[in-house]
Amino acid sequence: MGLPKDIEKNFVFDLPEMKKMIRDFQGQMENGLKGEQVSMGMLPSFVSRPRGTEKGDFLALDLGGTNFRVLDVRLSGVREIEVRNSFAVRMPEHLRHGAGRELFSFIAGTLKDFLSKNNIRSLRRLGFVFSFPVQKTAPDSGTLLSWTKDLTASGVVGRDVSELLRRALEENGVENVRVSALVNDTVATFLSAAYRHNDADMGLILGTGTNACYPENTERIGYLENKYRYFPEMIINTEWGGFASLARNDFDRRLDENTSRPGEQTLEKMVSGLYLGGLVKIVLDELVRKQELFKGGDGDAFLAAEFETEDISRIEADCSEKLSGVDDFLREKGVLFSTHADREILKKVCALVSKRAARISAAGVGAILSRMDPGLKNRHVVAVDGALYRHHPWFGPRMQDALRELFPASSGNIDFVQAKDGSGTGGAIAAAISGR
Ligand code: GLC
């Protein structure tokens, strides 16, 4: 007995569905750029491509979904980026869900300690990488539209986050730092790759959350006031995690009900690291309850255990004949006896859920690149950052398989490059660009 067919059907995302997604996605891109209300953000970044000649020492703060980082970065002026010092900390739970004021005070305090520890006393420009939907009004400021992922800190939505940071720096007595850029992590990733190679066409994040950005011809950004059309192109933060024209199944709906913002971020909840583990767990728990998994008697132990997205990567990496790695994993969870069929089902469910995620991501990439270049005649480089892409053994290959199905003649023109430290170092580049 294998995995019930109806479960499998729920997670299929076949070629016609990918093609439909591309049509809907491109429609929303177009309408969003005209200023119409769509499910994605299509937000202007007020940042353009770097030249690669930007030079000097800059600071970056990187506030993402899970961690907070401070970086001291040197740009060579000849396309080399050196992280001279960095500090990372997991965001404490109470700050993610408490008062926004405390969150910003923590950020400022951490930066202050970093400066003193690394003896940085001279005036420095800083790029704030803030990985949430922000309506920018200038390169160095913007308003938080809503929290995403699982942050809920109060008093931040609707406020200018650069201003909140400046105030917190002032209150903490940090005087030698100027907040000169505010960017999304996708934009930072793009900048980091483009600084090094100049041929990046997209920034992509597959981590706790998911999102993509790309440089758009400013003529095509209908909502942009003429005074801002100073560059031929501007990077657009698509906020694709919000894309809602995807058919959700019953498991998706159950997952959604237990999130901090039900009904929002449809695509993100099908794709990103914050959610995939939970989705797999819902499916597996149902199989346990229906006595289709762990009939040997350890089902209760499995029901009680936690299941994370990184467990998916671990399970899918086990290619041994006996699935002994999966067995080890199950034993750690208290499931001391499992059959080979149980282990196969576990691996199969992980594969179904993460394969759908990879194919949705591939369709998003395909939509953006084929908007820029309809026949994909030119080479395109997608700069990727994020733990899901980095740690999952098959996420990248599955995206490439899906792109091959979509563009049989030209998918070879699409390259993915891992932008190492992209979202952090890109903040420094944004700060450097702001000085042009
Ligand atoms: C969420 C945020 C988005 C960010 C992404 C990846 O989707 O809304 O701004 O880029 O996560 O971190």
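Atoms within each ligand, like the ligands themselves, are counted from 1 in listed order.
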Donor-acceptor pairs are to be reported for all side-chain atoms of residues 107-118 against protein atoms at under 3.5 Å, with residues two or more places apart or in another chain.
unit_1 : atom_1 : unit_2 : atom_2 : d
Thr110 : OG1    : Phe106 : O      : 2.6
Lys112 : NZ     : Asn172 : O      : 2.8
Asn118 : ND2    : Phe114 : O      : 3.0

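Checked by atom type and distance alone, the side chain of Thr189 never pairs as donor or acceptor with a backbone atom of Ala383 at under 3.5 Å.
Glu316 and Cys350 get closest at one heavy-atom pair: OE2-O, 3.3 Å.
In this view, Phe132 and Phe130, Trp147 satisfy the ring pair (Phe, Tyr, Trp, His ring centres under 6.0 Å) rule, not counting sequence neighbours. Listed by chain and number, the residues in a ring pair (Phe, Tyr, Trp, His ring centres under 6.0 Å) with Phe251 are Phe11 (sequence neighbours excluded).
Within 4.0 Å of ligand 1, protein heavy atoms belong to Ser131, Phe132, Pro133, Thr148, Lys149, Asn184, Asp185, Ile205, Gly209, Thr210, Asn211, Glu239, Gln265, Glu268, listed by chain and number.
No side-chain N or O of Ser313 forms a donor-acceptor pair with one of His392 less than 3.5 Å apart.
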